[in-house]
Amino acid sequence: MLTRSLSRMTSKSSLWRSWTSNPVADYENTMDKYPWLAKDATQPSDCHNHTCMRRTGQISAWELDMDSLLQTPEESLYGHEQRQPYEPSVSSSASVASQAAVLEDPNLVTWTGPDDPMNPHNWPRSRKWSSTLLVSCFTFISPIASTMLAPALPTMADELDTSSGLETYLLMSIFLLAYAVGPFVLAPLSEMYGRVVVLQSANLVFLLFNTVCGFATTKQQMLAFRFLSGLGGAAPQALGGGVLSDCWKAEERGRATAVYSLAPFLGPAIGPVAAGYLVQHASWRWIFWTVSIADALVQVLALLFLPETYRPKILAVKARRLRRATGNPDLHTEFDRPDRSFARLLGQSLARPLIMLATQPTIQLTGLYRAYLYGLMYLVLASFPMVWEQQYGQAPGRASLNYLSLGVGFVVGLQVSGPLIDRVYRALKAKHNHPGRPEFRVPLMFPTAIIAPGGLLLYGLAAHHQTHWIVPNIGAALFALGLILSFQCAQTYVVDAYETYAASATGAAAFIRTMAGFGFPLFAPGLYDALGIARGNALLAGVAALICVLAPAVLWRYGERIRGRSQFCAG
């Protein structure tokens, strides 16, 4: 049902998008470059009717009302301003060989040139940033729903009659289990239908079931609704990397990735603060309803202002319009294949993330690197009620304020690493006289071997000895700062390495990461009961330091060689 609805659905935001065009007139203006558009010298002189002219591609602008032809509700993707010419041409990354291919295939529909404004890489910065911020808002809200329950777990356990601590933590973690599964469907669907329609459809699923969670009366209902809301909420995590790859060039991508990478961390840090006071003064059910209200607002903004960014989808719409306008059924994009069928394409697209996860060492390594750190973040979040309510004896509302230390660490990390990652990338390009490669993202990953484990260790030791409350909060903030730096570099590395398949690549990597986020909080009580908060965090910090040294070292030394053997990598 989802695939059928996706094939019919078009984003309502098309009503507010820019650029329109008269593709036939644009083609006629370039007949000197594309002689196949000119009138055939052998054409019989009595062939003057409209049908004959459509067969030979000979249509002038005055013979067709192009505004009425192109601006149908189904296909109006860009609105009513002047679109740029639809000429078969060469993309900015095309080689001499691809230019020759375009000349040999006059029916190939592609960009008008390296500066084609339809190409998302050439969009105005305002449009790029609006797309980035809207996707980041989606990515901010769904992780809030994943952790906002933390302060409410004791109350929910009593009301829903959970029988064990494992069941209680599962109420929170099962959302992340769906997070791990969702990208395997949502990411490849975005590469079939485009980013926007999949993102908005999935978010409606999240909005529906997250709202229904507030009406659950049994633990079975809560677990089912949480899982289904997690499936929809996985879309921003699965598609966000693809949107960044679509919009931003490699040397510009660092700051945008920093903003996007902040969202899934800032959400879990801020959500429990509001939840603590909701539990104390209202009901845990308002946790879900508050999130749904905020998500509905973002959904409306996305319907109005989020444009399609996936380049094959944009070119496919362009080719479809040209086929209708010129009557030439042979017009196609480089992504069209004669043997392409819906069933085969669906099977290949759904299998791609699994294949990439099983065969791509780059995804496996960066996925394990981020998985461990991501799991630690959820373990720390799960330990906060124990530390602040039991160790420090704070009320739920006041205890929830300590989550702000993580938010402070994430924001500071963004301010430091966001500009720095692009600066280092440009500096390494100049130093090595190289057009740029993903490995130039790696050097900033090394400081995380000190910052993140050091902050985790300080948090554990300070909480164990019950020092002043500011000390464990400083440790948590340092831990958060290291996380945002490591995740930003690793995320940008994957997006740079797998540009065309960035959504599937990030979805596959997210599976490993999110499974760690699902599993770590489940063993947190047993770990801290056995070792205590100090020794438990010391053990976790030591493993983190080892991983944070080995992973970037391997990527820096062998990353280019590994990518060179991949059929999915951009180069």
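In this chain, numbering begins with 1 at the start of the sequence shown.
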Side-chain donor-acceptor contact under 3.5 Å, Tyr493 with Glu439: yes
Nearest-0.5 Å distance that lies between atom CG in Leu539 and atom CG in Leu457: 11.0 Å
Between Asp295 and Asn203, a side-chain donor and acceptor under 3.5 Å: yes
Approximate separation, where rounding is to 0.5 Å, of Leu223 CG and Cys213 SG: 9.5 Å
Side-chain heavy-atom pair Leu540, Tyr372 within 4.5 angstrom cut-off: yes
Spacing of CD1 belonging to Ile484 relative to CD1 belonging to Ile451, to within rounding of 0.5 Å: 12.5 Å
Distance in Å, Leu244 CG paired with Trp248 CH2, rounded so as to fall on 0.5 Å steps: 9.0 Å
Pairing residues for Leu444 by the side-chain contact (heavy atoms from CB on, under 4.5 Å) criterion, not counting sequence neighbours: Leu420, Ile421, Val424, Leu485, Cys489
Residues, nucleotides or ligands: over 12 heavy atoms within 6.0 Å of Ile293 CD1: yes
Plane angle bin for Tyr403 and Phe384 - parallel if under 30°, tilted between 30 and 60°, otherwise perpendicular: tilted
side-chain contact (heavy atoms from CB on, under 4.5 Å) between Leu306 and Ser131, worked out: CA-CA 6 Å; Leu306 182 61; Ser131 301; 3.9 Å; yes
Derivation and outcome, side-chain contact (heavy atoms from CB on, under 4.5 Å), residues Phe288 and Met148: CA-CA 9 Å; Phe288 298 102; Met148 208 171 176; over 6 Å; no
Any Leu456 side-chain heavy atom under 4.5 Å of Leu478 side chain: no
Phe138 side chain reached by Leu199 side chain, heavy atoms, under 4.5 Å: yes
Nearest heavy atoms of Ala145 and Asn210, plus distance in Å: CB-OD1, 3.9 Å
Within-4.5 Å side-chain heavy-atom neighbours: Arg311 and Ser245: yes
Side chain proximity check, Leu401 to Tyr277, heavy atoms < 4.5 angstrom: yes
N/O donor-acceptor pair under 3.5 Å between Gln200 side chain and Ala302 backbone: yes
Pair Arg370, Gln491: side-chain N/O donor-acceptor within cut-off below 3.5 Å: yes
Trace of the side-chain hydrogen bond (donor to acceptor under 3.5 Å, both in side chains) decision for Gln488 with Tyr260: CA-CA 9 Å; Gln488 181 189 341; Tyr260 169 76; over 6 Å; no
Donor-acceptor contact below 3.5 Å, side chain Glu308 vs main chain Tyr310: yes
NZ/NE/NH1/NH2 to OD/OE distance under 4.0 Å, Arg285 and Glu159: yes
Student check: side-chain heavy atoms of Phe305 and Val300 closer than 4.5 Å: no
Any side-chain heavy-atom pair of Cys548 and Met445 under 4.5 Å: no
Within residues 473-484 or reaching into it, pairs that qualify as side-chain hydrogen bond (donor to acceptor under 3.5 Å, both in side chains) - sequence neighbours excluded: Asn402-Asn473, Ser405-Asn473
side-chain contact (heavy atoms from CB on, under 4.5 Å) assessment of Trp129 paired with Cys247: CA-CA 9 Å; Trp129 274 114; Cys247 294; over 6 Å; no
Nearest heavy atoms of Ala476 and Leu406, plus distance in Å: O-CD2, 3.5 Å
Least distance between heavy atoms, Ala505 atom then Val494 atom: CB-CG1, 3.8 Å
Gln364 side chain to Ala358 backbone, donor-acceptor under 3.5 Å: yes
Distance-only polar pair, side chains of Gln221 and Thr217, donor-acceptor under 3.5 Å: yes
Audit row: Lys219, Asp161, side-chain contact (heavy atoms from CB on, under 4.5 Å) steps and yes/no: CA-CA 7 Å; Lys219 63 185 178 184; Asp161 193 25; 6.0 Å; no
Lys/Arg-Asp/Glu bridge criterion (N-O < 4.0 Å) met for Asp246, Arg195: yes
Pair Trp469, Gln394: side-chain N/O donor-acceptor within cut-off below 3.5 Å: no
Distance, nearest 0.5 Å, that separates CD1 of Ile562 from CG of Leu365: 7.0 Å
Any donor-acceptor N or O pair under 3.5 Å, side chains Trp388, Ser400: no
Considering all heavy atoms, the nearest Ala152-Ile287 contact: CB-CD1, 3.7 Å
Charged N-O contact under 4.0 Å between Asp422 and Arg441: yes
side-chain hydrogen bond (donor to acceptor under 3.5 Å, both in side chains) against Ser142, all qualifying residues, sequence neighbours excluded: Tyr179
No-hydrogen, no-angle side-chain donor-acceptor test under 3.5 Å, Tyr459 and Ser383: yes
Pairs satisfying ring-ring contact (aromatic ring centres under 6.0 Å, His included), at least one member in residues 210-241, at least two apart: Phe215-Trp289
Interatomic spacing from OG1 in Thr211 to CG in Leu208 - rounded to 0.5 Å: 7.0 Å
Leu458 side chain reached by Phe479 side chain, heavy atoms, under 4.5 Å: no
Nearest heavy atoms of Val196 and Pro307, plus distance in Å: CG2-O, 3.1 Å
Under 3.5 Å donor-acceptor pairs involving side-chain atoms of residues 507-535, not counting sequence neighbours:
{"unit_1": "Arg513", "atom_1": "NH2", "unit_2": "Gln237", "atom_2": "OE1", "d": "3.2"}
{"unit_1": "Thr514", "atom_1": "OG1", "unit_2": "Ala510", "atom_2": "O", "d": "2.6"}
{"unit_1": "Tyr528", "atom_1": "OH", "unit_2": "Asn537", "atom_2": "OD1", "d": "2.7"}
{"unit_1": "Arg535", "atom_1": "NE", "unit_2": "Leu531", "atom_2": "O", "d": "3.3"}

With Ser486 via side-chain contact (heavy atoms from CB on, under 4.5 Å) - residues at least two apart: Tyr369, Leu373, Thr448
Residue Tyr392 excluded, over 12 heavy atoms near OH under 6.0 Å: yes
Arg226 NZ/CZ over Phe209 ring centroid, <6.0 Å and within 45° of normal: no
Check: Gln299 side chain, Leu204 main-chain N or O, donor-acceptor pair, under 3.5 Å: no
